[in-house]
Peer 1: 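One structure is given below, represented as structure tokens, and several questions about it will come after.
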Amino acid sequence: MKKILFVTSEAHPLIKTGGLADVSGSLPKALAGLGQDVRLIIPNYNAINLPGEPRFLCSLRVDNRDVNLLETQIPDSQVNVLLVDYPHFFNRPGNPYVDEQGNSWADNADRFALFCRIAVEVAMNRAQLNWQPDIVHCNDWQSGLVPALLTLETGRPDTVFTIHNLAYQGLFLVDNILGLNLPGQLWHPAGLEFYHMLSFIKGGLVYADRITTVSPTYALEIQTAAYGYGLEGLLIHRKEDLSGILNGIDLETWNPATDPFIAKQYDVAILPDKLHNKTELQRKTGLPINESIQLFGLIGRLVEQKGIDLIIDCLPALLAMPVQFVVLGAGDKGFEERLHNLAHVYPDKMAFAKGYDEPLAHLIEAGADVFLMPSRFEPCGLNQMYSQLYGTLPIVRYTGGLADTVVDALPNTIADRTATGFVFNDASASSLLEAIKRAVLLYSDKSAWKKVQANGMKKDFSWKHSAEQYLDLYQSLWHVFPIVGGEIAYTEH
Ligand code: ADP
């Protein structure tokens, strides 16, 4: 049995802004299900949703600050969660990273550096828990300093760093750094420095014993200039230690047969019941009620990564077809405004729900026929997997986890029952529109459409398979001899 400390800045259902929370809520549970001793560590945010009063564990003095460590659990699980309680940094309105206006907190470097230092204290068994992990599994830039700081310790656990999205790197101006009291050994271009800025993510990419990302295709893509954000050289240098493990999904939350948020539960044997969800979705969003019209859905952060501009460019052509379109999301103000205006111009064809709404997200997955996900890049992506299980055919661009999870509906893949959606290559509105037209055409062939729905609904996206791969990785680390002092033969410039 391995003792694993899972370091993350969000975990569903405690606190969520995106896919990282889904992974952090599910993977530890799946690892515990494989008999491992897993504990999570996460900041105690104002908005955190705790399943009861947390238990006080201890107080730690780090960097002249007194921080409390509290304990709770992931609801409906045996997984313990350590809460880093420092109200001055974490008890604020807004989300974990930004204020209510959507601006990054000015002291994010301090906030997450403190979080990392507390994780290091726990990892080194200095938090009065009488528990030292074998593995410290860090996730995204907010935990990036942990592998770096641990290299300065003797008798440290092995470290794994998972990239959920390389676009977010935790880059800070040097002015910020001085107050962080980071050890000088880490400050050089082959360490935490990235073109004279402090890069939290490099703490993981340079110093972790192993690096993973959330799909095999994204693991290859980030080693190229198009997807590497200037870190491709480092990632190529570390390619022997870098692998892709596809995320699973939480089947207790995302299962059309048991989903409490949808109007009528269904499965592949009672597919017509899916239609109740379509009419409920139309009712809720103010669209004309019509069971037979093809309904397109989209849920997500409204940012360039997600190809929202491609969709907006396609919209006049899409809405000229016999379809309806429901969008749920928030993000870039420009995209929000354009979607709002388009919904105003086409009130009978398009509805835009601005904001974050989990029940509505479930109803869209259940009620739509097609799910649009034309991402420019997508480390793994979850909604295309949810869509397949809900019999909602995804249209995706061939990138990252989308390429690894959706099989394009072509005559041969329809015939051999592997097709699950529609895949296009170029990040252009015309390529997306071609795929949309293929979806519209296939919808008119009810029997072919049903076959593709059934293929997706029967797929196994459970966490068990992914958790087994992480466990294999942890076990392969048993004999790694830790590097002390960050002496790594690599330069960036
Ligand atoms: P990312 O992590 O890049 O945002 P993913 O597809 O990996 O994208 O995960 C996004 C998760 O957040 C999914 O579970 C999705 O349903 C959810 N989500 C995103 N935007 C919204 C929203 N506006 N309302 C409800 N859920 C949302």
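Keep in mind the model is a prediction, meaning the values are calculated, not measured. Both counts, for ligands and for their atoms, begin at 1 and track the order of listing.
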Peer 1: We want to know whether S9 and Y97 form a side-chain donor-acceptor pair, criterion being a heavy-atom distance below 3.5 angstrom.
Peer 2: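 Looking only at side-chain atoms, Y97 and S9 do form a donor-acceptor pair, the distance falling under 3.5 Å.
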Peer 1: Taking the non-hydrogen atoms of K306, is any one of them nearer than 4.0 angstrom to ligand 1?
Peer 2: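 Checking ligand 1 against K306, which is what was asked, there is a heavy-atom contact under 4.0 Å.
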Peer 1: Mark up the atoms of ligand 1 that fall under 4.0 Å of a heavy atom belonging to A361, in ascending order.
Peer 2: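 Per the distance check, 25 (C), 26 (N).
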Peer 1: Can you name the atoms of ligand 1, numbered from 1 with element, that are less than 4.0 Å from a heavy atom of G329?
Peer 2: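 It comes down to these atoms of ligand 1: 23 (N).
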Peer 1: Nearest protein heavy atom to atom 19 (C) of ligand 1, by residue and atom, and its distance?
Peer 2: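 Nearest neighbour among protein heavy atoms for atom 19 (C) of ligand 1, to 0.1 Å: G300 CA, 3.8 Å.
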Peer 1: Which ligand 1 atoms, with their elements, are less than 4.0 angstrom from a heavy-atom of G19?
Peer 2: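 With G19 as reference, the close atoms of ligand 1 come out as 1 (P), 2 (O), 7 (O), 9 (O), 10 (C).
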Peer 1: Which is it for K16 and ligand 1 at heavy atoms under 4.0 Å: side chain, backbone, both or neither?
Peer 2: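 Side chain only.
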Peer 1: Any atoms of ligand 1 less than 4.0 Å from a non-hydrogen atom of G355? List them with their elements.
Peer 2: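 This gives 22 (C), 23 (N) as the contact atoms.
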Peer 1: Taking atom types as modelled, find out whether E291 and T279 have a side-chain donor-acceptor pair closer than 3.5 angstrom.
Peer 2: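 On atom types as modelled, these side chains do not qualify, holding no pair under 3.5 Å.
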Peer 1: Scan side-chain atoms only and decide if R338 and N341 contain a donor-acceptor pair under the 3.5 Å cut-off.
Peer 2: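 Their side chains do not contain a donor-acceptor pair, so the 3.5 Å distance test is not met.
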Peer 1: Check each atom of ligand 1 against the heavy atoms of R301 and keep those under 4.0 Å away; list them by number with element.
Peer 2: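 Matching atoms, with element in brackets: 1 (P), 3 (O), 4 (O).
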Peer 1: Pairs of nitrogen or oxygen atoms closer than 3.5 Å, one from I299 and one from ligand 1: do any exist?
Peer 2: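 Among all N and O atoms of I299, none is under 3.5 Å from an N or O of ligand 1.
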Peer 1: Evaluating non-hydrogen atoms only, which member of Y386, F377, Y356 is closest to atom 21 (C) of ligand 1?
Peer 2: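 Ranked by closest heavy atom to atom 21 (C) of ligand 1, first place is Y356.
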Peer 1: Quick check on contacts: which atoms of ligand 1 are under 4.0 angstrom from a heavy atom of N383?
Peer 2: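 Reading through ligand 1 atom by atom, the close ones are 6 (O), 13 (C), 15 (C), 16 (O).
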Peer 1: Compute whether any side-chain donor of one residue and acceptor of the other, for Q469 and Y474, lie under 3.5 angstrom apart.
Peer 2: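 Not at all, the side chains of Q469 and Y474 share no donor-acceptor pair under 3.5 Å.
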Peer 1: State plainly whether the residues E468 and K464 are in salt-bridge range, i.e. N to O under 4.0 Å.
Peer 2: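 Between K464 and E468 there is a salt bridge, with a charged N closer than 4.0 Å to a carboxylate O.
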Peer 1: Ignoring hydrogens and geometry beyond distance, is a side-chain donor-acceptor pair present between E232 and T224 at under 3.5 Å?
Peer 2: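 No pair is found: no donor N or O on one side chain lies under 3.5 Å from an acceptor on the other.
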Peer 1: Return the residue, atom name and 0.1 Å-rounded distance of the protein heavy atom closest to atom 11 (C) of ligand 1.
Peer 2: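 Looking at atom 11 (C) of ligand 1, the protein heavy atom closest to it is D22 OD2, 3.7 Å.
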Peer 1: Side chains of E378 and T399: is there a donor and an acceptor less than 3.5 Å apart?
Peer 2: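 No donor-acceptor contact under 3.5 Å links the two side chains.
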Peer 1: Any chance the rings of H137 and Y470 have centres within less than 6.0 Å?
Peer 2: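 Yes, they do, as the ring centres are separated by less than 6.0 Å.
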Peer 1: Side chains of T418 and T413 only: does a donor on one sit below 3.5 Å from an acceptor on the other?
Peer 2: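 Absent: no donor and acceptor within the cut-off.
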Peer 1: Please classify the D357 to ligand 1 contact at 4.0 Å (heavy-atom distances, strictly less than): side chain, backbone, both or neither.
Peer 2: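 Backbone only.
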Peer 1: What protein heavy atom sits nearest atom 6 (O) of ligand 1, and how far off is it?
Peer 2: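 Minimum-distance protein heavy atom for atom 6 (O) of ligand 1 reads L382 N, 3.1 Å.
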